[in-house]
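Here's the structure, in structure tokens; my notes come after.
We use all heavy atoms of the structure for the numbers below, so side chains are in, but hydrogens, waters and symmetry mates are not. Protein chains get the first letters and strands the later ones, always in sequence-line order, with residue 1 at the start of each.
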Amino acid sequence: MKYTTYLLEWFDKNKRQMPWRERSDAYSIWVSEVMLQQTQVDTVRPYYERFMERFPTVHDLAMATQEEVYTYWQGLGYYRRADNLHKGAKVVSEQYNGIFPTDPKLVKNIPGIGPYTMGAVLSIAFNLPYPAVDGNVMRVLSRQFLIEDDIAIPKTRKIFEEKVMVLMPEDARNFNQALMELGALICTPKNPKCESCPMKPICMAYEEGVQIEYPVKSSKTKAEPDFYKALILKQGDKIYLEKRPEEGLLAKLWGVPLITDVVWEKMKSELVTFEVLEQVQHVFTHRRWLMTPIVIEYTTQNAKIFEEILQGEGVFIVPEGLKNYAIATAFKKVLRKLQENI
DNA sequence: AACGCGGGGGC
DNA sequence: GCCCCAGCGTT
């Protein structure tokens, strides 16, 4: 198809420089694609550089501890990705001798690799003709062809995968990337730059002036606030950090204890002194935490009060030691507030 | 199919 | 404030 050629030419001239575009081995592409899940290119870039410097091959990653992998992932979010990538690296390192498979049945079974990431790695690393349909691709193609299916519904992705395969040229590697790059640079959610778009001549949405109506997407409910007290237990300079549970929000990361207001009211009556700092907010996709930091000196006299609260794995560490722990951004905000008050 | 799962950027 | 972002795994 002639217009596919226009898109590929546009991509060749306008593509952004990215660290993973300097490499073509499957491991390098794989790591980048996992980091890029629901995460913008500019956010990923520095994380990718640090990660690849520390784990240059799939074997390096497979041999690392979960704790260390997390320290390289801290702040990037969706931490389950790090776990699954780590597990996947073990599979490829141990079962496939470090060679990334090209059989889709095998690739699909690697932890953390779903339909998108499989298509992205197989097309970009091996130039195999598989679709890689992400949010960009659905937006671009829905506008190009006035596809009205609700992209919030899972099965809609298949409709776009079929469309991609109808269009797929021999250069699968660049075609998939070109669709995404067009979505990121030109065919953006708001204020699309249609006048400089290479696909303008065949874009049905442009022709009818209805770009902003696409893609069709049903909306979801918003996050309600959760109120907590964030306990900053001190022994001199040292601060108490604990490891969060294996499951749930911010699983396996380190943070300060969070307690509900009800628990705090009871605890408060037993304490002689404490200091209340200004409330800190952290917003997640589906939740809002409003945390009030409370600074308490932890002593042998009052230790009993916290017995029931501090049950997991916890340590008192000096501020300089914080860098050795994977700490979620929500808790860094709390610790930052403490710094401001010294 | 619906939901849980981070954090940042754009408007 | 809201929406979006090179989505995946579980239920």
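- A donor-acceptor contact under 3.5 angstrom links the side chains of A:Arg81 and A:Thr39, judged on distance only.
- Taking the 5' to 3' direction, DNA chain C first and last meets chain A under 4.0 angstrom from a heavy atom at C:dC2 to C:dG9.
- For the pair A:Ile110 and A:Ile151, nearest-nucleotide mapping onto DNA chain C gives the more 5' position to A:Ile151.
- Residues A:Tyr130 and A:Asn176 have side chains that never bring a donor and an acceptor to within less than 3.5 angstrom of each other.
- A cation-pi arrangement, defined by a distance under 6.0 Å to the six-membered ring centre and an angle within 45 degrees of its axis, is absent between A:Lys163 and A:Phe160.
- Atom-to-atom, CG of A:Asp83 to P of B:dG6 comes out at 11 Å; the value is rounded to the nearest Å.
- If you check every strand for non-hydrogen atoms under 4.0 Å, A:Leu250 touches sugar and phosphate atoms only.
- Cation-pi check for A:Arg143 over A:Phe145 is not met; the charged atom does not lie both under 6.0 angstrom from the ring centroid and within 45 degrees of its normal.
- With respect to A:Leu36, the side-chain contact (heavy atoms from CB on, under 4.5 Å) criterion is satisfied by exactly one of A:Val44, A:Thr117, A:Thr43: A:Val44.
- Here the C1' atom of nucleotide B:dC11 and the CD1 atom of A:Ile212 are 13 Å apart, to the nearest Å.
- Within 4.0 Å of A:Arg45, counting heavy atoms only, lies no atom of the nucleic acid at all.
- A residue-by-residue look at A:Ala120 and A:Gly112 shows that A:Ala120 has its nearest nucleotide of DNA chain C further toward the 5' end.
- Between A:Trp289 and A:Tyr228, the gap from one ring centroid to the other is short of 6.0 Å.
- With ring centers used as reference points, A:Trp264 lies under 6.0 Å from A:Phe274.
- When heavy atoms are screened at a 4.0 angstrom cut-off, A:Met18 is found touching base atoms of the nucleic acid.
- Using a 3.5 Å distance cut-off with no hydrogens or angles, the side chains of A:Gln37 and A:Tyr116 do not pair a donor with an acceptor.
- When heavy atoms are screened at a 4.0 angstrom cut-off, A:Arg139 is found touching the sugar-phosphate backbone but no base atom.
- Spacing between B:dC3 and C:dA6 at atom P, rounded to whole Å, works out to 24 Å.
- If you measure from atom CG of A:Leu85 to atom P of B:dC5, you get 21 Å, rounded to the nearest angstrom.
- Side-chain atoms of A:Gln17 and A:Glu22 include a donor-acceptor pair closer than 3.5 Å.
- Of the candidate nucleotides B:dA2, B:dG10, B:dG7, B:dG10 has the atom nearest to the side chain of A:Lys190.
- Across all strands, A:Thr117 comes closer than 4.0 Å only to sugar-phosphate atoms, never to a base (heavy-atom distances).
- In this entry the distance linking CD of A:Gln38 with P of B:dC3 reads 16 Å, nearest Å.
- Residue contacts for A:Asn84: at a heavy-atom cut-off of 4.0 Å it reaches the sugar-phosphate backbone alone, with no base atom in range.
- When rounded to the nearest whole Å, the span between CZ of A:Phe284 and C1' of B:dC3 equals 16 Å.
- Residue A:His282 places at least one side-chain N or O closer than 4.0 Å to OP1 or OP2 of B:dG7.
- Counting non-hydrogen atoms under 4.0 angstrom, A:Val137 reaches nothing in the nucleic acid.
- Counting to the nearest Å, the P atom of B:dA1 and the NZ atom of A:Lys217 are 16 Å from each other.
- The nearest heavy atom of DNA chain B to A:Thr329 and to A:Asn191 marks one nucleotide each, and the one closer to the 5' end goes with A:Thr329.
- Residues A:Glu195 and A:Tyr206 bring a donor and an acceptor atom of their side chains to less than 3.5 Å of each other.
- Following rounding to the nearest Å, A:Arg288 (CZ) and B:dG7 (C1') show an atom-to-atom distance of 16 Å.
- Atom OH in A:Tyr70 sits about 12 Å away from atom C1' in B:dG6, given to the nearest Å.
- If A:Lys155 and A:Gln74 are placed on DNA chain B by their nearest nucleotide, the residue sitting closer to the 5' end is A:Lys155.
- Remark: the A:Lys332 side chain and the A:Gln74 side chain contain an N/O donor-acceptor pair separated by less than 3.5 Å.
- Here A:Ala328 lies in heavy-atom contact (under 4.0 Å) with sugar-phosphate atoms only.
- Residue contacts shown for A:Gly183 are absent, as no nucleic acid heavy atom lies under 4.0 Å away.
- Of the P atoms belonging to B:dG8 and C:dG9, the separation is 24 Å, rounded to the nearest Å.
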statement: Symbol by symbol from the 5' end, with Watson-Crick or G-U pairs under 3.5 Å, [ ] crossing and | another strand, DNA chain B is |||||.|||||
